[in-house]
Amino acid sequence: MLILFSPSLGKFYTGITQESLETRIQKHNSNQYGKHRYTAIASDWELFLSIQADSFSHARRMELYIKKMKSSAFIRKLKEDPELLLNLIHKTKT
(Lines give C-alpha, C1' and ligand atoms only; values in the text may rest on other atoms or scores of the structure.)
Protein backbone atom coordinates (compact mmCIF):
# COMPACT_ATOMS: atom_id res chain seq x y z
CA MET A 1 0.00 0.00 0.00
CA LEU A 2 1.31 3.42 -0.82
CA ILE A 3 0.51 7.04 -0.19
CA LEU A 4 1.87 9.57 -2.66
CA PHE A 5 2.13 13.33 -2.18
CA SER A 6 2.22 16.08 -4.80
CA PRO A 7 4.06 19.17 -3.51
CA SER A 8 2.64 21.34 -6.29
CA LEU A 9 -0.95 20.41 -5.36
CA GLY A 10 -0.45 19.81 -1.65
CA LYS A 11 -2.59 16.66 -2.06
CA PHE A 12 -2.28 12.97 -1.28
CA TYR A 13 -3.07 9.90 -3.36
CA THR A 14 -3.70 6.55 -1.66
CA GLY A 15 -3.42 3.32 -3.62
CA ILE A 16 -2.21 -0.25 -3.72
CA THR A 17 0.25 -1.95 -6.02
CA GLN A 18 1.91 -5.25 -6.69
CA GLU A 19 4.67 -3.67 -8.77
CA SER A 20 7.68 -1.79 -7.43
CA LEU A 21 7.02 1.55 -5.80
CA GLU A 22 9.41 3.26 -8.20
CA THR A 23 7.54 1.88 -11.22
CA ARG A 24 4.17 2.88 -9.80
CA ILE A 25 5.29 6.45 -9.06
CA GLN A 26 6.89 6.79 -12.50
CA LYS A 27 3.65 5.65 -14.15
CA HIS A 28 1.62 8.20 -12.20
CA ASN A 29 4.04 11.00 -13.03
CA SER A 30 3.97 10.17 -16.76
CA ASN A 31 0.15 9.80 -16.93
CA GLN A 32 0.34 6.15 -17.99
CA TYR A 33 -2.95 5.54 -16.18
CA GLY A 34 -4.75 8.05 -18.38
CA LYS A 35 -5.11 11.81 -18.53
CA HIS A 36 -8.48 11.76 -16.77
CA ARG A 37 -7.26 10.04 -13.60
CA TYR A 38 -6.83 11.89 -10.31
CA THR A 39 -3.03 11.66 -10.46
CA ALA A 40 -2.89 13.11 -13.99
CA ILE A 41 -3.37 16.61 -12.60
CA ALA A 42 0.28 16.66 -11.44
CA SER A 43 3.59 15.13 -12.44
CA ASP A 44 5.52 15.55 -9.21
CA TRP A 45 4.09 12.67 -7.15
CA GLU A 46 6.53 11.35 -4.58
CA LEU A 47 6.37 8.58 -2.03
CA PHE A 48 5.01 9.84 1.28
CA LEU A 49 4.42 6.51 3.02
CA SER A 50 4.61 2.84 2.14
CA ILE A 51 2.79 0.28 4.29
CA GLN A 52 3.44 -3.44 4.00
CA ALA A 53 0.34 -5.64 3.95
CA ASP A 54 -0.15 -9.36 4.50
CA SER A 55 -2.08 -9.70 1.23
CA PHE A 56 -3.64 -7.72 -1.59
CA SER A 57 -7.01 -7.82 0.19
CA HIS A 58 -5.42 -6.52 3.40
CA ALA A 59 -3.84 -3.66 1.43
CA ARG A 60 -7.22 -2.89 -0.11
CA ARG A 61 -8.90 -2.74 3.31
CA MET A 62 -6.20 -0.33 4.53
CA GLU A 63 -6.63 1.79 1.39
CA LEU A 64 -10.40 1.99 1.84
CA TYR A 65 -10.07 2.81 5.54
CA ILE A 66 -7.66 5.68 4.84
CA LYS A 67 -9.84 7.01 2.02
CA LYS A 68 -12.92 6.80 4.26
CA MET A 69 -11.17 9.09 6.76
CA LYS A 70 -10.98 11.85 4.08
CA SER A 71 -8.26 13.55 6.09
CA SER A 72 -4.79 14.72 5.15
CA ALA A 73 -4.20 15.25 8.88
CA PHE A 74 -4.87 11.52 9.46
CA ILE A 75 -2.42 10.61 6.69
CA ARG A 76 0.26 12.86 8.17
CA LYS A 77 -0.32 11.33 11.62
CA LEU A 78 0.12 7.84 10.18
CA LYS A 79 3.66 8.80 9.19
CA GLU A 80 4.43 10.53 12.48
CA ASP A 81 2.84 8.09 14.92
CA PRO A 82 4.02 4.45 14.71
CA GLU A 83 1.32 3.36 17.17
CA LEU A 84 -1.45 4.78 14.96
CA LEU A 85 0.07 3.01 11.95
CA LEU A 86 0.25 -0.32 13.82
CA ASN A 87 -3.36 0.16 14.92
CA LEU A 88 -4.43 0.67 11.29
CA ILE A 89 -2.56 -2.47 10.18
CA HIS A 90 -4.09 -4.54 12.98
CA LYS A 91 -7.61 -3.12 12.57
CA THR A 92 -7.73 -3.95 8.85
CA LYS A 93 -6.26 -7.48 8.98
CA THR A 94 -9.68 -9.17 8.93
Side-chain angles (χ1 to χ4, degrees):
M1 212 219 84
L2 68 146
I3 300 174
L4 304 180
F5 180 73
S6 167
S8 66
L9 298 174
K11 294 189 180 249
F12 292 98
Y13 166 80
T14 303
I16 53 180
T17 186
Q18 292 181 320
E19 57 192 351
S20 75
L21 295 174
E22 295 80 16
T23 300
R24 181 68 183 257
I25 294 167
Q26 185 273 327
K27 285 182 176 181
H28 280 295
N29 283 330
S30 62
N31 296 324
Q32 288 186 22
Y33 294 111
K35 294 188 186 265
H36 301 288
R37 299 286 186 175
Y38 176 78
T39 57
I41 58 178
S43 59
D44 63 343
W45 295 101
E46 55 191 42
L47 184 64
F48 182 79
L49 183 62
S50 170
I51 306 170
Q52 292 295 315
D54 294 339
S55 63
F56 191 81
S57 60
H58 181 215
R60 179 72 172 141
R61 286 190 298 274
M62 282 193 285
E63 175 193 25
L64 293 174
Y65 185 90
I66 292 168
K67 287 180 175 180
K68 184 176 82 173
M69 297 300 288
K70 296 184 179 185
S71 171
S72 60
F74 178 74
I75 291 172
R76 290 181 196 283
K77 284 182 184 177
L78 280 175
K79 187 172 183 178
E80 297 167 2
D81 185 349
E83 189 173 318
L84 182 62
L85 180 58
L86 287 173
N87 188 25
L88 168 71
I89 293 168
H90 178 71
K91 184 184 296 190
T92 56
K93 277 196 182 215
T94 55

- If only atom types and distance count, is the side chain of Lys79 paired as donor or acceptor with the main-chain N or O of Phe48 below 3.5 Å? yes
- Query: Is a side-chain donor or acceptor of Arg24 paired with a backbone partner of Ile16 at a separation under 3.5 angstrom?
  - Reply: yes
- If you look only at pairs with a residue in residues 42-59, which of them pass as a side-chain hydrogen bond (donor to acceptor under 3.5 Å, both in side chains), with sequence neighbours excluded? Ser6-Asp44, Ser8-Asp44, Asp54-Lys93, Ser55-Ser57, His58-Thr92
Would you say [X] and [Y] are hydrophobically clustered, going by side-chain heavy atoms of ILVMFWY under 4.5 Å?
{"X": "Phe56", "Y": "Ile66", "result": "yes"}
{"X": "Leu78", "Y": "Tyr65", "result": "yes"}
{"X": "Leu47", "Y": "Met1", "result": "no"}
{"X": "Leu84", "Y": "Phe5", "result": "yes"}

Hey, could you give me the [atom1]/[atom2] distance between [X] and [Y], rounded to the nearest 0.5 Å?
{"X": "Leu49", "Y": "Leu4", "atom1": "CG", "atom2": "CG", "result": "10.5 Å"}
{"X": "Ile25", "Y": "Glu19", "atom1": "CD1", "atom2": "CD", "result": "10.5 Å"}
{"X": "Ile75", "Y": "Ile3", "atom1": "CD1", "atom2": "CD1", "result": "5.0 Å"}
{"X": "Met69", "Y": "Thr14", "atom1": "CE", "atom2": "OG1", "result": "12.0 Å"}

- Message: Does any part of the side chain of Leu85, heavy atoms only, come nearer than 4.5 Å to the side chain of Ile89, both counted from C-beta?
- Response: yes
- Query: Is there side-chain contact between Lys68 and Phe74, with heavy atoms separated by less than 4.5 Å?
  - Reply: no
- Task: For Lys11, check side-chain contact (heavy atoms from CB on, under 4.5 Å) against everything at least two apart and list the hits.
- Result: Leu9, Tyr38
- Query: Where is the tightest heavy-atom contact between Met62 and Ile51, given as atom of each residue plus distance?
  - Reply: SD-CG2, 3.8 Å
- With a cut-off of 6.0 Å (strictly less than), are more than 12 heavy atoms of other residues, nucleotides or ligands near CD of Glu83? no
- Query: Around atom NZ of Lys77, are there more than 12 heavy atoms of other residues, nucleotides or ligands at under 6.0 Å?
  - Reply: no
- Any ion pair linking Arg60 and Glu63 (charged N to carboxylate O, less than 4.0 Å)? yes
